[in-house]
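Before any comments, here is the structure.
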Number of protein chains: 2
Amino acid sequence: MDADGIHGQLDTLILATLKRGEAHGYAIIAALKESSGEQLDLPSGTVYPALRRLERAGYAAGKWTQASGRRRRVYAITDEGLAALAKGREDWLALREVMSAVLGP
Amino acid sequence: MDADGIHGQLDTLILATLKRGEAHGYAIIAALKESSGEQLDLPSGTVYPALRRLERAGYAAGKWTQASGRRRRVYAITDEGLAALAKGREDWLALREVMSAVLGP
DNA sequence: GACTATATGTAGCTGGTCTACATATCAAGA
DNA sequence: TCTTGATATGTAGACCAGCTACATATAGTC
């Protein structure tokens, strides 16, 4: 699936990934690819702006690190981020119910 | 749920409603409210542009009718619309799988 | 020395959805 | 009769998420 199939769930997906542990953008892309069973392959132009958005919103805290010469911006989920993730999950479940009700089982 | 929770599924929801039988905008809003168990309450400013979009795309065919003095634009789903609905359903199922895989069961 | 993987990001665009507004008819009740 | 609410359709203007394509840099490998 490419990114235009995720329709507003991007933040929730990223926050869910960060909940498992802090990570940098490239690793998040790889983790989502892995945890989705190779179904998700998000372009960097989608993920990096999303991370800055999450940071600006206070849902993730980023810090620069250095790993074998490469600079990385590592993000950790905040308390607000955990709350946002919980809300995102609820919204998702509500959407799931509505879609099931309308589309059929 | 208001319309900002449906994230790109609007067309699929409308096409699914039209599949049950032709309908006009106001009736579609009411039908979605009913079939979702009162969870969905879409504003007209969301639904009417969506219908014109679907018509422009060839997924729905609209015609003016008159019912007790009120003019109505009644839409019927086309063959292309049925195909688009099938694809929308597949996309939805794929998204569901990805979200389940990442968020957990 | 060239190529691939790792790693981050910007520029410009498209398009869906929102809020608020505008319009008109019909039915019911004060 | 007048007002209100339900029915019914739509436009204007704006926002913002996600897209594609591009730009940049280092490390390791062949």
Side-chain angles (χ1 to χ4, degrees), chain A residues 1-15 17-18 22-34 40-57 59-60 62-75 84 88 91-92 95 98, chain B residues 1-15 17-18 22-34 40-57 59-60 62-75 84 88 91-92 95 98:
Chain A
M1 190 192 304
D2 51 342
D4 70 346
I6 59 177
H7 291 306
Q9 308 302 336
L10 178 61
D11 291 3
T12 301
L13 288 170
I14 292 178
L15 288 174
T17 302
L18 288 182
E22 56 177 29
H24 60 288
Y26 198 83
I28 290 170
I29 293 175
L32 280 173
K33 193 172 180 178
E34 194 272 329
L40 264 186
D41 197 6
L42 301 178
S44 66
T46 292
V47 172
Y48 287 108
L51 285 170
R52 306 183 115 248
R53 222 164 38 232
L54 291 173
E55 189 173 17
R56 214 165 47 234
Y59 297 160
K63 61 172 191 280
W64 285 108
T65 64
Q66 200 80 12
S68 60
R70 284 196 193 89
R71 67 187 193 125
R72 288 173 172 172
R73 188 150 183 86
V74 173
Y75 293 89
D91 289 350
W92 164 253
L95 176 59
V98 166
Chain B
M1 191 189 305
D2 51 341
D4 70 347
I6 60 178
H7 291 307
Q9 308 302 338
L10 179 61
D11 292 3
T12 302
L13 288 170
I14 292 179
L15 288 174
T17 303
L18 288 181
E22 57 177 29
H24 59 291
Y26 199 83
I28 291 170
I29 293 173
L32 280 174
K33 193 172 181 178
E34 195 272 329
L40 264 185
D41 197 5
L42 302 177
S44 66
T46 293
V47 172
Y48 288 108
L51 285 169
R52 307 184 115 244
R53 218 160 47 229
L54 291 173
E55 189 172 20
R56 213 165 49 233
Y59 297 159
K63 61 170 191 279
W64 285 107
T65 65
Q66 200 80 11
S68 59
R70 286 195 191 87
R71 69 189 191 124
R72 289 175 173 170
R73 188 148 182 88
V74 173
Y75 293 89
D91 289 350
W92 164 252
L95 176 58
V98 166

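Order of the sequence lines sets the chain letters (A, B, ...), proteins ahead of strands, with each chain counted from 1.
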Rounded to whole Å, how long is the line connecting atom [atom1] of [X] with atom [atom2] of [N]?
| X | N | atom1 | atom2 | value |
| --- | --- | --- | --- | --- |
| A/Leu51 | D/dG18 | CG | C1' | 14 Å |
| A/Ile28 | C/dT6 | CD1 | C1' | 15 Å |
| B/Arg53 | C/dG16 | CZ | P | 5 Å |
| B/Gln66 | C/dA24 | CD | P | 15 Å |
| B/Arg56 | C/dG16 | CZ | C1' | 11 Å |
| A/Tyr59 | D/dA17 | OH | C1' | 15 Å |

Quiz prompt | Shortest non-hydrogen contact between A/Ser44 and A/Pro49, atoms and distance | solution = O-CD, 3.7 Å
Quiz item: Which heavy atom of B/Gly25 sits nearest a heavy atom of B/Leu51, and at what distance?
Solution: CA-CD1, 3.7 Å
Exercise. For A/Ala30, check side chain to side chain contact (heavy atoms under 4.5 Å, CB included) against everything at least two apart and list the hits.
Key: none
So which protein N/O to nucleotides 8-12 of chain C N/O distances come out below 3.5 Å?
from, atom 1, to, atom 2, distance (Å)
C/dT8, OP1, A/Arg73, N, 3.0
C/dT8, OP2, A/Gly25, N, 3.3
C/dT8, OP2, A/Tyr26, N, 2.7
C/dT8, OP2, A/Tyr48, OH, 2.7
C/dT8, O5', A/Tyr48, OH, 3.3
C/dG9, O6, A/Ser44, OG, 3.2

For [X], check salt bridge (Lys or Arg N to Asp or Glu O under 4.0 Å) against everything at least two apart and list the hits.
| X | result |
| --- | --- |
| B/Arg53 | B/Asp11 |
| A/Glu22 | A/Lys63 |
| A/Arg73 | A/Glu55 |

Quiz item: Is there side-chain contact between A/Leu13 and A/Ile28, with at least one heavy-atom pair below 4.5 Å?
Solution: no
Kindly give the atom pairs (protein nitrogen or oxygen, nucleotide nitrogen or oxygen) under 3.5 Å for nucleotides 28-30 of chain D.
none

Quiz prompt | Exam field: side chain A/Gln9 to backbone A/Thr12, donor-acceptor pair closer than 3.5 Å | solution = no
